[in-house]
*Asks:* 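Mind looking over this structure? Questions follow.
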Amino acid sequence: MNSGSDDRQFQSEWYRVSTRLKAEIGETAFENWVKPIRACDYKNSQVRLAVPSRFMRDWVAANYLDRLKELWAGENDRVRSVDLFIQPTLKSTDQNKDDNDFLSGQENVSRDISVEVNSSKTVSKPVLEARNRISAPLDVRFKFDQFVVGKPNEFAYAAARRVAEASSVSFNPLFLYGGVGLGKTHLMNAIAWEILERDASRTVMYLSAEKFMYQFVRALREQNTVDFKEQFRSVDVLMVDDVQFIGGRDATQEEFFHTFNALVDQGRQIILSADKSPSDLEGVEDRLKSRLNCGLVADIHATTYELRLAILEAKTEKMNLDPPHQVLEFLAHKITSNVRELEGALNRVAAHTQLVGRDLTLETTQEVLHDLLRANNRRVTIEEIQKRVAEHFNIRISDMHSARRARSVARPRQVAMYLAKQLTSRSLPEIGRKFGGRDHTTVMHAVKKVDELRDHDTIFAEDVELLRRMLEG
Ligand code: ADP
Ligand code: MG
């Protein structure tokens, strides 16, 4: 390093690179593998990183080095290689201190950074140049071709594609909403990439609602709101992620509303995401809600088993993994919360098997993920079972408790008892009590009967299996 400002720039690049990597690999992996790394110097187009042990060097080299290189090249195009060397005395506290320095001066530091164009394979130069005008960096993994489309997201996907490919503003705003980890940020990034790939001269601004608020508050403090407004009002496409955070903050909301109106009036495209529909946004004024409802509102639904399986297939192919299909089916069946968790689970299993040199099997998967699996094991109640089974066989819930013995109600009741035994930890007498005060021998008989029927009647067996899956999933 020849000067303090170069060193400062180098360290701020490292800060950004490692922060990006952290977002990709998660907190735990970051703490274990990246946090202990120290960015040492930059010479002759080579970045040198120090790690505390040989073991760490090998692990980081095998798992993160390529990505580190890509990310660093995205920050600084003169960087050609990233090298790891062992420095046993390295203390992770040094790193902590640097982190804190950066956090406190973060805004100042990042303002000095001139983010330069890299020569990454996947992104062309003009697109990268255009990207540099975007406030928040886009993620290269979040493109349309990496987005797996299925029933729950096909509408949102189609809407996103349409907006990205349209030569003029079609739906304004496009409002994407859905639960956490279902692909909203991925789709927004994909739209931005697509727009820039089609026309790199367009200005796309992508930022989180939190960042929007933060910048607005800072502008207020610095009495610089004119610049603030100009910055947003001169873009072709404005994307704000997670707008639910704007709710309740009146001044920011007001400003957002004006910016929004000004851009719409000028025929600029606006794309927003939130975890709720516009009408359900809390603390958001009615006039803003109705404005948000004016464009195209597209929701992403909870994942289905089929979509989860397709996503796992796509990801393992990309990772060059070829686990037994059973493993994927198991994960798709068990990790039902969202795609982020599903990805996390897959990465964890892959990293673990690689680290200890074991095959990726169903057994190792269960072992590695035991804590996660426990959390995902929903507790099914007997009431839920009765409701679902009654719906499925088209009988009244009250028939679960009634004394009626007609086959049309007795059989579903037996199925419900059977499932209660399989899916809950209730004892036979407890189950009996919940079914109109029946005796435990009645429940035992039901379990035996259903088992028998399953063996002989495949249609019945499928019915029971379907119910079990619905209740578990
Ligand atoms: P959200 O913004 O809705 O909370 P993200 O867009 O951050 O969710 O998605 C979480 C993770 O899941 C990301 O790594 C993303 O790439 C991945 N993901 C979500 N949906 C899909 C999909 N349909 N195909 C492939 N990856 C997906
Ligand atoms: Mg998001």
Side-chain angles (χ1 to χ4, degrees), residues 19-30 64 67 70-71 122 134-161 163-164 174-194 206-213 239-247 271-277 280-281 297-319 321 328 331-332 335-351 372 376:
T19 308
R20 293 283 307 277
L21 191 62
K22 181 173 169 178
E24 294 180 14
I25 66 178
E27 189 78 39
T28 315
F30 179 82
Y64 304 126
R67 188 64 190 139
E70 271 174 38
L71 287 171
T122 46
I134 300 166
S135 43
L138 296 176
D139 195 314
V140 284
R141 297 167 313 148
F142 292 174
K143 294 187 166 190
F144 280 128
D145 59 3
Q146 310 244 5
F147 192 81
V148 181
V149 186
K151 270 254 160 335
N153 59 26
E154 62 186 4
F155 181 60
Y157 173 80
R161 267 227 107 101
V163 166
L174 170 63
F175 191 99
L176 298 169
Y177 79 93
V180 61
L182 296 180
K184 301 182 295 292
T185 298
H186 189 137
L187 278 181
M188 288 189 112
N189 274 251
I191 296 172
W193 284 120
E194 183 68 32
Y206 166 80
L207 77 171
S208 66
E210 275 177 310
K211 182 127 188 199
F212 181 92
M213 286 181 330
M239 307 177 128
V240 186
D241 207 349
D242 290 320
V243 294
Q244 71 271 12
F245 290 121
I246 285 182
I271 301 158
L272 306 169
S273 87
D275 64 356
K276 298 183 191 66
S277 73
D280 290 338
L281 285 176
V297 178
D299 57 342
I300 308 185
H301 299 272
T303 58
T304 56
Y305 174 78
E306 288 70 28
L307 178 63
R308 291 194 294 274
L309 192 61
I311 288 174
L312 288 168
E313 282 165 352
K315 305 245 179 236
T316 42
E317 196 183 316
K318 183 120 205 304
M319 291 159 87
L321 288 175
L328 305 188
L331 288 172
I335 315 286
T336 54
S337 43
N338 62 52
V339 184
R340 186 175 296 129
E341 270 209 37
L342 190 66
E343 263 184 348
L346 179 66
N347 287 340
R348 230 169 97 185
V349 178
L372 195 66
N376 269 273

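Along the sequence shown, the residues carry numbers beginning at 1. Each ligand, and each atom within it, is numbered from 1 in the order the structure gives.
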*Asks:* Is the shortest side-chain heavy-atom distance between Thr185 and Asp139 below 4.5 Å?
*Replies:*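 Of all side-chain heavy-atom pairs linking Asp139 with Thr185, none is under 4.5 Å.
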
*Asks:* Is there a side-chain contact between Val180 and Asp275 in this structure, where contact means two heavy atoms from C-beta onward sitting under 4.5 Å apart?
*Replies:*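 Contact flag for Val180/Asp275 side chains = no.
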
*Asks:* Pairing donors with acceptors under 3.5 angstrom, does anything connect the side chains of Asp241 and Ser273?
*Replies:*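 Result is yes, a qualifying pair exists.
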
*Asks:* List the closest protein heavy-atom neighbour of atom 14 (O) of ligand 1: residue, atom name, distance to the nearest 0.1 Å.
*Replies:*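 Going by distance alone, atom 14 (O) of ligand 1 is nearest to Glu343 OE1, 2.7 Å.
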
*Asks:* Between Lys315 and Glu343, is a salt bridge (charged side-chain N to carboxylate O under 4.0 Å, His left out) present by the stated rule, with each step listed?
*Replies:* CA-CA 8 Å; Lys315 305 245 179 236; Glu343 263 184 348; 2.6 Å; yes

*Asks:* At less than 2.8 Å, would any N/O/S atom of Met188, backbone or side chain, sit next to the Mg ion (ligand 2)?
*Replies:*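 Under 2.8 Å: Met188 has no N, O or S contact with the Mg ion (ligand 2).
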
*Asks:* Considering only protein heavy atoms, which is closest to atom 26 (N) of ligand 1, and at what distance to one decimal place?
*Replies:*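 Scanning the protein heavy atoms, the shortest distance from atom 26 (N) of ligand 1 goes to Lys315 NZ, 3.2 Å.
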
*Asks:* At a non-hydrogen distance cut-off of under 4.0 Å, which region of Ile311 contacts ligand 1 (side chain, backbone, both, or neither)?
*Replies:*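 Side chain only.
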
*Asks:* Which residue and non-hydrogen atom of the protein lie closest to atom 4 (O) of ligand 1, and at what distance in Å?
*Replies:*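 Closest protein heavy atom to atom 4 (O) of ligand 1: Gly181 N, 2.7 Å.
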
*Asks:* Less than 3.5 Å between some nitrogen or oxygen of Leu307 and one of ligand 1, yes or no?
*Replies:*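 The answer is no, given that Leu307 and ligand 1 share no N or O pair closer than 3.5 Å.
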
*Asks:* Consider every N or O of Leu182 and every N or O of ligand 1, then say whether any pair is closer than 3.5 Å.
*Replies:*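 Min N/O separation from ligand 1 is below 3.5 Å for Leu182.
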
*Asks:* Return a yes/no value for Gly183: is any of its N or O atoms, backbone included, closer than 3.5 angstrom to an N or O of ligand 1?
*Replies:*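 Min N/O separation from ligand 1 is below 3.5 Å for Gly183.
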
*Asks:* Around atom 21 (C) of ligand 1, find the nearest protein heavy atom and jot down its residue, atom name and distance.
*Replies:*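 So the nearest neighbour among protein heavy atoms is Phe147 CE1, 3.7 Å.
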
*Asks:* Quick one: are Ile271 and Tyr206 in side-chain contact, heavy atoms under 4.5 Å?
*Replies:*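 With C-beta onward as the side chain, the pair stays apart.
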
*Asks:* Closest non-hydrogen protein atom to atom 16 (O) of ligand 1, residue and atom name please, with distance?
*Replies:*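 Of the protein heavy atoms, His186 ND1, 2.7 Å lies nearest.
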
*Asks:* Pick out which of Ile335, Asn338, Leu182, Leu309 makes a side-chain contact (heavy atoms from CB on, under 4.5 Å) with Thr303.
*Replies:*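 Per the side-chain contact (heavy atoms from CB on, under 4.5 Å) rule, the option paired with Thr303 is Leu182, out of Ile335, Asn338, Leu182, Leu309.
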
*Asks:* State if Gly178 counts as touching ligand 1 under the rule of any non-hydrogen atom under 4.0 Å.
*Replies:*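 Outside the 4.0 Å threshold, so no.
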
*Asks:* Working to the nearest 0.5 angstrom, can you tell me the gap between Asn347 CG and Glu24 CD?
*Replies:*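 It is 10.5 Å, given to the nearest 0.5 Å.
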
*Asks:* Would you mind listing which atoms of ligand 1 come within a distance below 4.0 Å of any non-hydrogen atom of Val180?
*Replies:*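 By the 4.0 Å cutoff, the relevant atoms are 4 (O).
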
*Asks:* Among all the protein's non-hydrogen atoms, which is closest to atom 18 (N) of ligand 1, and how far away is it?
*Replies:*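 For atom 18 (N) of ligand 1, the nearest protein heavy atom is Val339 CG1, 3.2 Å.
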
*Asks:* Are the side chains of Asp242 and Glu210 in contact, using a 4.5 Å heavy-atom criterion?
*Replies:*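 Glu210 does not reach Asp242 side chain to side chain.
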
*Asks:* Looking only at protein heavy atoms, which one is nearest to atom 25 (C) of ligand 1, and how far off is it?
*Replies:*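 Looking at atom 25 (C) of ligand 1, the protein heavy atom closest to it is Gln146 O, 3.3 Å.
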
*Asks:* What is the nearest protein non-hydrogen atom to atom 24 (N) of ligand 1, stated with its residue, atom name and distance?
*Replies:*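 Going atom by atom, the protein heavy atom closest to atom 24 (N) of ligand 1 ends up being Val148 N, 2.8 Å.
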
*Asks:* Is a donor on one side and an acceptor on the other found under 3.5 Å between the side chain of Asn189 and the backbone of His186?
*Replies:*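 No, Asn189 side chain to His186 backbone: no donor-acceptor pair under 3.5 Å.
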
*Asks:* I need the atoms of ligand 1 closer than 4.0 Å to a non-hydrogen atom of Phe142, numbered in the order shown.
*Replies:*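 Near Phe142, the atoms of ligand 1 are 13 (C), 14 (O), 15 (C), 16 (O).
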
*Asks:* Under 4.0 Å, heavy-atom basis, I'd like to know which part of Asn153 is in contact with ligand 1: side chain, backbone, both or neither.
*Replies:*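 It is the side chain that touches ligand 1; the backbone stays farther off.
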
*Asks:* Just distances here: any N/O of Val149 and N/O of ligand 1 closer than 3.5 Å?
*Replies:*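 The answer is no, given that Val149 and ligand 1 share no N or O pair closer than 3.5 Å.
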
*Asks:* Using salt bridge (charged side-chain N to carboxylate O under 4.0 Å, His left out), reason through Glu70 and Arg67 one step at a time and then give a plain yes or no.
*Replies:* CA-CA 5 Å; Glu70 271 174 38; Arg67 188 64 190 139; 2.6 Å; yes

*Asks:* Is the closest N or O pair between Thr185 and ligand 1 shorter than 3.5 Å?
*Replies:*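 So ligand 1 has an N or O lying under 3.5 Å from an N or O of Thr185.
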
*Asks:* Taking the side chain as every heavy atom from C-beta outward, state whether Arg161 and Glu194 have any pair of such atoms under 4.5 Å apart.
*Replies:*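 Arg161 vs Glu194: side chains touch.
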
*Asks:* Parallel, tilted or perpendicular, judged at 30° and 60°: which one describes the rings of Tyr157 and Phe144?
*Replies:*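 The rings of Tyr157 and Phe144 stand perpendicular, inter-plane angle above 60°.
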
